[in-house]
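Right, one structure below, let's go through it.
Atoms within each ligand, like the ligands themselves, are counted from 1 in listed order.
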Amino acid sequence: MAGNSIGKEFVVTTFGESHGKVVGVVVDGCPAGLPLSEADFQEELDRRIPAEPKIVSGRVEKDIAKILSGVFNGLTTGAPIALMVENKETQSSDYEAIKDLPRPGHSDYTARIKYGGFNDYRGGGRFSGRVTVALIMAGTIAKKLLGRYDIDVLAYTQSIGTVKTDKKFTASEIRKNKNAAATRCPDLACAEKMEEVIINARKEGESLGGVIECIALNMPVGIGEPLFDALDADLAKALFGVPAVKGVEFGAGFKAAELTGSQNNDAFLLKNGKVLTSTENAGGILGGLSSGMPIMIRVAIKPTPSIAKEQKTVNLSSMENAAISVKGRHDPCVVPKAVPAIEATVAITLADHLIRSGFMPKVLKEH
Ligand SMILES: Cc1cc2nc3c(=O)[nH]c(=O)nc-3n(C[C@H](O)[C@H](O)[C@H](O)COP(=O)(O)O)c2cc1C
């Protein structure tokens, strides 16, 4: 079965390629009665492209969402919502020269074998970071649904290469500085250093990766479907679908393996009649169910595969060893653009589980 969909009740199916006509998404199972307009998508779509041209690819296009179905009189109807944005800024000639030279680190080789060479290789086709536009549109709907229950999902850049902020941010600090730095790091001094290392990497024909932290606040207790649709399992599955994601950790993550039980366990405490924990090593999920504490996820993003520095590859037409230096327009670091995509992916998964659990009704009441 093709793997273009995620979710069981809030089902998100993406379509489109980087250099095709459109990138789009169908959201099936969105509760009826949610106010939704094309303008709702603009802020998140704009946020995908940081304003600083030195740290992103030259492909800067204003993405404008079109709603094709599922909305009537400004409200969702309960029918599938189809959304699309047009691809305007394509420069497909960049890819003719490297058609037979798979870029190391990219999907060119594996996709060519899987699809017998029929895949649209232009701009990475279906594997382009541009598919995150689809996730962002579906995520916007998910966030609107979560917002009705004061559930907020916030992501920011924690590190780029070896430059890392050690600060712990409050939700309002993340919100306040959400778009203040092009690197999407709320620690503005650190954000400047991040920008510098990205610019230097690009000058050297190199690229960088980094870590995005994502926090979901106010999730009710007990949401998730263990064992295999456990909340953490579904979040990880969805997040690994985002191109360039190479690791997902919850709470203490891999560090938990080095701790003792008493160090790692989050002791419970009662505060104003609510059961809380004094530490947050579990990342807000116990037994695959939300614990009511903030869900804390860290996502590792690899360095952009397409780099100007010469690398070895194989010419798949002549079957000879070859060299490749990728020209064209590429992000020297995809982390800033991935921040809203990670937020969206987490929001989509949480909305799906809230509907599955019955916490969120399929027909919304006036709000
Ligand atoms: C927002 C975003 C933008 C991206 N931009 C580029 C890019 O400009 N050049 C590139 O080679 N890869 C880019 N990528 C990464 C590739 O899409 C990805 O590495 C590739 O499909 C291989 O998949 P994998 O890294 O998950 O194995 C981007 C990824 C994201 C999330």
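A side-chain hydrogen bond (donor to acceptor under 3.5 Å, both in side chains) with Asp229 is found for one member of Lys8, His353, Lys237 and no other, namely Lys8. The one candidate from Glu173, Glu213, Arg175, Glu343 that meets the side-chain hydrogen bond (donor to acceptor under 3.5 Å, both in side chains) condition with Tyr156 is Glu213. No option in Ile212, Leu135, Val334, Val248 other than Leu135 meets the side chain to side chain contact (heavy atoms under 4.5 Å, CB included) test with Val242.
Shortest contact from atom 28 (C) of ligand 1 to any protein heavy atom: Val334 CG1, 3.4 Å. Scanning the protein heavy atoms around atom 30 (C) of ligand 1, the nearest turns out to be Gly129 CA, 3.6 Å. In terms of protein heavy-atom proximity, atom 16 (C) of ligand 1 is nearest to His106 NE2, 3.7 Å. For atom 23 (O) of ligand 1, the closest heavy atom belonging to the protein is Ala244 N, 4.2 Å. Looking only at heavy atoms of the protein, atom 11 (O) of ligand 1 is closest to Ser306 OG, 2.5 Å.
Between Pro243 and ligand 1, no N or O atom pair is found at a separation short of 3.5 Å. Considering both main-chain and side-chain atoms, Lys337 never comes within under 3.5 Å of ligand 1 through any nitrogen or oxygen pair. The shortest N/O to N/O separation between Phe127 and ligand 1 falls below 3.5 Å. For ligand 1, the polar-atom distance check finds an N/O of His330 within less than 3.5 Å of one of the ligand's N/O atoms.
Between Glu249 and Arg298 there is a salt bridge, since at least one side-chain N of the basic residue sits less than 4.0 Å from a carboxylate O of the acidic one. Ion pairing between a basic and an acidic side chain is recognised when a charged N comes within 4.0 Å of a carboxylate O; Lys178 and Glu43 show such pairing.
When side chains are defined from C-beta on, Ser317 does not count as touching Lys99, because their heavy atoms never get closer than 4.5 Å. Between Asn177 and Cys185 there is no side-chain heavy-atom pair separated by less than 4.5 Å.
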What do the steps show when you test Glu17 against Tyr121 for side chain to side chain donor-acceptor pair (under 3.5 Å), and what is the final call? CA-CA 9 Å; Glu17 295 86 17; Tyr121 53 81; over 6 Å; no
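Both the backbone and the side chain of Asp331 come within 4.0 Å of ligand 1, counting heavy atoms alone. Residue Lys302 touches ligand 1 through its side chain alone, judged by heavy-atom distances below 4.0 Å.
For ligand 1 and Thr304, the ligand atoms under 4.0 Å from any heavy atom of the residue are 6 (C), 7 (C), 9 (N), 10 (C), 11 (O), 12 (N), 13 (C). Within the listing of ligand 1, atoms 10 (C), 11 (O), 12 (N), 19 (O) sit less than 4.0 angstrom from a heavy atom of Pro305. Within the listing of ligand 1, atoms 24 (P), 25 (O), 26 (O), 27 (O) sit less than 4.0 angstrom from a heavy atom of Lys246.
Put simply, no part of Gly124 is less than 4.0 Å from ligand 1, judged by heavy atoms.
In the displayed structure, Gln263 atom CD is contacted under 6.0 Å by more than 12 heavy atoms of other residues, nucleotides or ligands.
Of the possible polar contacts, none joining the Asp352 side chain to the Ile348 backbone as a donor-acceptor pair under 3.5 Å is found.
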